[in-house]
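Along the sequence shown, residues carry numbers from 1.
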Amino acid sequence: MRAPSLSLAAVVAVATVLVLAAMTPAAEAGLCSKACDKWSPCCVPSANGAFCANQAWGCMESEGCDKDSSYNKMCTPRPMCKSFREDFNSPASLIDKYNYTGDPDAAHFWREFPGADYAEVENGNLVLSLKWNDKLGRGQGATIPSVRWMQYGVVSARIKTASGAGVVSSFITKTDISDKIGDEIDWEFIGANATEVQTNSYWNGNIDYTRGKQYLLPAGQTTTNEYHVYTVDWSPERIKWQVDGNTIRTMTPADVKNEFPTAIARVYFSVWDGGCNQPPGTTKWALGPTEWCNDASKRGDVKKMYIDWVEVKCATEDSRDTKEFKPTIVPPTSASGANNAPKSTIKGTSSGTTTDESAGGSSSSKNPKDGGDNGTTSVIASIMAVSVPIVAAVAALF
């Protein structure tokens, strides 16, 4: 899935604004020019400058934590692949990003944009929802990444996709929330064409839609009425896309002039509105317009994508003790720096949407012609609704 008209990098910047209330700002913009203290030990960058964070996610090298400005170089390493199967039998299998404790095995997936991602664990499924959003003038969905990263291996998920014109469901591996960085391997599902699945890949941030391929399911089968098992089997020699155990496509480095995905990646699921207030090419690709775009009576509808289970088999296992991923953050006290330590006001609100594939969705999918907004704008809209100070902060970014 590719970047929306407003880059996903901007989404990350805006999402960072949300947690400013839980951060101590550095003296100046840029990398923290003032060393972080033990109450807010981790220097994490944003478009508005760098800040000292007191939450475990902000201490992750994968989130941009800067060791040189962090207290005792407090950045924690990137959690790499550990084989698992998640059946979504407990709500604890999905957390808000800001509730991450530093244990990458406590939950396998998080809401990338808490308060904006419409995602819940219900009845043994991870359920991603797409709902109408008045401020966006289109639907807002969800983007859900895995906590751990992988480089080669086999990822399978049993999925029933969301239905409807303009509605897009996605299951991908992706290096970065920004489409300009790294590689991507895609499964894409168009809600108005439920007898077909689409596959694609991207390399080194380059957008090349000519690699996309379509596959028709066997007669009588659809992506929206029943579950199917979709698999990405990824090795340095080839990528195999499989449906219900049957290989439908194989791609080698030679097939793409060595522009072949090799970079580390996370697993993402997302659902987004590709058919309402999107560029014409995106709407056409998503078989839009989405019903609610021109029919207000449809705006109470909810489109849902269901993930029954996910299984990851790593090519290389991360054998490190989980203690290596937990930062040491000293709780603030009135006697030891309460005024210096930020209050933990951001604790992950209810799920909502995400980016393109959320409103669009973050693991983003878009038209092979002109990249639509997966939902980046949806995230911004959600954030702006939080408070007047945050609105001002967001406005300052654009």
Original post:
Going through the distances and angles, do Ile185 and Ile239 end up as a side-chain contact (heavy atoms from CB on, under 4.5 Å)?
Top reply: CA-CA 9 Å; Ile185 304 170; Ile239 299 169; 3.6 Å; yes

Original post:
After noting the C-alpha distance and the side-chain angles of Val168 and Ile190, does the key distance pass the side-chain contact (heavy atoms from CB on, under 4.5 Å) rule?
Top reply: CA-CA 5 Å; Val168 182; Ile190 307 301; 4.1 Å; yes

**OP:** Mind running side-chain contact (heavy atoms from CB on, under 4.5 Å) on Tyr152 and Thr316 for me, showing each step along the way?
**Re:** CA-CA 8 Å; Tyr152 308 124; Thr316 302; over 6 Å; no

Original post:
Does the side-chain contact (heavy atoms from CB on, under 4.5 Å) test come out yes or no for Asn54 and Cys52, once each step is laid out?
Top reply: CA-CA 7 Å; Asn54 73 338; Cys52 296; over 6 Å; no

**OP:** I would like to know whether Thr199 and Arg249 meet side-chain hydrogen bond (donor to acceptor under 3.5 Å, both in side chains); could you show each step before the answer?
**Re:** CA-CA 8 Å; Thr199 63; Arg249 180 183 180 185; 2.9 Å; yes

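Electrostatic pairing of Asp176 and Lys174 does not count as a salt bridge here, judged by no charged N lying under 4.0 Å from a carboxylate O. Between Lys82 and Asp318, no side-chain nitrogen of the basic residue sits less than 4.0 Å from a carboxylate oxygen of the acidic one, so the salt-bridge criterion is not met. A salt bridge is defined here as a Lys NZ or Arg NE, NH1 or NH2 lying under 4.0 Å from an Asp or Glu carboxylate O, and Glu291 with Arg299 fails to meet this definition. The pair Lys304-Glu120 fails the salt-bridge criterion, with no side-chain N (NZ, NE, NH1 or NH2) lying under 4.0 Å from an Asp/Glu carboxylate O. The pair Lys160-Asp308 does not meet the salt-bridge criterion, since no charged nitrogen lies less than 4.0 angstrom from a carboxylate oxygen.
With side-chain heavy atoms closer than 4.5 Å counting as contact, directly or through intermediates, the hydrophobic cluster containing Val229 also holds Trp309.
Here the closest heavy-atom approach between residue Ala119 and residue Leu94 is recorded as O-CD2, 3.7 Å. In terms of heavy atoms, Ile159 sits closest to Thr161 at CG2-CG2, 3.9 Å.
Using a 4.5 Å heavy-atom threshold, the side chains of Thr231 and Lys240 count as separate. Side-chain contact between Tyr306 and Phe88 is absent, with no heavy-atom pair separated by less than 4.5 Å. A heavy-atom distance below 4.5 Å is found between the side chains of Ile307 and Phe269.
The side chain to side chain donor-acceptor pair (under 3.5 Å) test applied to Thr224 returns no partner, not counting sequence neighbours. In this structure Glu122 satisfies the salt bridge (Lys or Arg N to Asp or Glu O under 4.0 Å) test with no other residue, sequence neighbours excluded.
Across Tyr230, Phe171, Tyr215, a single residue satisfies ring-ring contact (aromatic ring centres under 6.0 Å, His included) together with Phe189, and that is Tyr230. Here the rule is side chain to side chain contact (heavy atoms under 4.5 Å, CB included) with Tyr202, and of Thr175, Ile172, Asp186, Asp183 only Asp186 fits it. Residue Glu61 is tested with Arg78, Lys73, Lys67 for a salt bridge (Lys or Arg N to Asp or Glu O under 4.0 Å); the sole match is Lys67.
The number of heavy atoms from other shown groups lying within 6.0 Å of CG (Asn123) does not exceed 12.
Checked by atom type, the side-chain pair Tyr227/Asp244 shows no donor-acceptor distance below 3.5 Å. Thr283 and Gln278 form no side-chain donor-acceptor contact under 3.5 Å, judged by distance and modelled atom types alone. With hydrogens and angles left out, the side-chain atoms of Ser146 and Arg266 include no donor and acceptor closer than 3.5 Å. For Gln151 and Trp149, the side-chain atoms include no donor-acceptor pair closer than 3.5 Å. A side-chain N or O of Gln198 and one of Trp285 form a donor-acceptor pair less than 3.5 Å apart. Looking at Glu311 and Ser156, their side chains never bring a donor and an acceptor atom within 3.5 Å of each other. A donor atom on one side chain and an acceptor atom on the other are found under 3.5 Å apart for Asp295 and Ser297. Residues Ser319 and Glu317 have side chains that never bring a donor and an acceptor to within less than 3.5 angstrom of each other. Between the side chains of Asp273 and Thr290, at least one donor N or O sits under 3.5 Å from an acceptor N or O.
Using a distance-only test at 3.5 Å, with no hydrogens or angles considered, a donor-acceptor pair links the side chain of Ser93 to the main chain of Ser90. Between the Arg238 side chain and the Asp233 main chain, a donor and an acceptor come within less than 3.5 Å of each other. A distance-only check finds no donor-acceptor pair linking the side chain of Gln55 to the backbone of Trp57 [under 3.5 Å]. With hydrogens and angles disregarded, a donor-acceptor distance shorter than 3.5 Å links the side chain of His228 to the backbone of Thr222. Here the side chain of Asn99 pairs no donor or acceptor atom with the backbone of Asp96 at under 3.5 angstrom. Not a single donor-acceptor pair under 3.5 Å links the side chain of Asp321 to the backbone N or O of Glu324. Here the side chain of Asn133 pairs a donor or acceptor atom with the backbone of Lys135 at under 3.5 angstrom. The closest donor-acceptor contact from the side chain of Glu63 to the backbone of Cys59 lies at 3.5 Å or more, if one exists at all.
A cation-pi arrangement is not found for Lys298 relative to Trp292, the charged atom failing to lie both closer than 6.0 Å to the ring centre and inside a 45° cone about the ring normal. Stacking of Arg148 on the aromatic ring of Phe109 is not recorded, the 6.0 Å distance cut-off and the 45° axial limit not both being met.
Linking Ile, Leu, Val, Met, Phe, Trp and Tyr whenever their side-chain heavy atoms come within less than 4.5 Å leaves Val127 and Val310 in two separate clusters. Cluster annotation: Ile329 and Met60 are assigned to distinct hydrophobic clusters (Ile/Leu/Val/Met/Phe/Trp/Tyr, side-chain heavy-atom contacts under 4.5 Å, transitive). Val312 and Met80 fall into different hydrophobic clusters, where Ile, Leu, Val, Met, Phe, Trp and Tyr side chains are chained together by heavy-atom contacts under 4.5 Å. A continuous path of ILVMFWY side-chain contacts below 4.5 Å connects Leu217 to Trp241, so both sit in one hydrophobic cluster. In this structure, Met305 is not a member of the same hydrophobic cluster as Val302, with clusters built from ILVMFWY side-chain heavy atoms closer than 4.5 Å.
Residue Ser170 holds its OG atom at 12.5 Å from CD1 of Ile144, rounded to the nearest 0.5 Å.
Remark: SG of Cys42 is not found under 2.5 Å from SG of Cys65. The SG atoms of Cys293 and Cys276 lie less than 2.5 Å from each other. Sulfur-to-sulfur, Cys43 and Cys36 sit at least 2.5 Å apart at their SG atoms.
Between Trp203 and Phe260, the distance from one ring center to the other does not fall under 6.0 angstrom.
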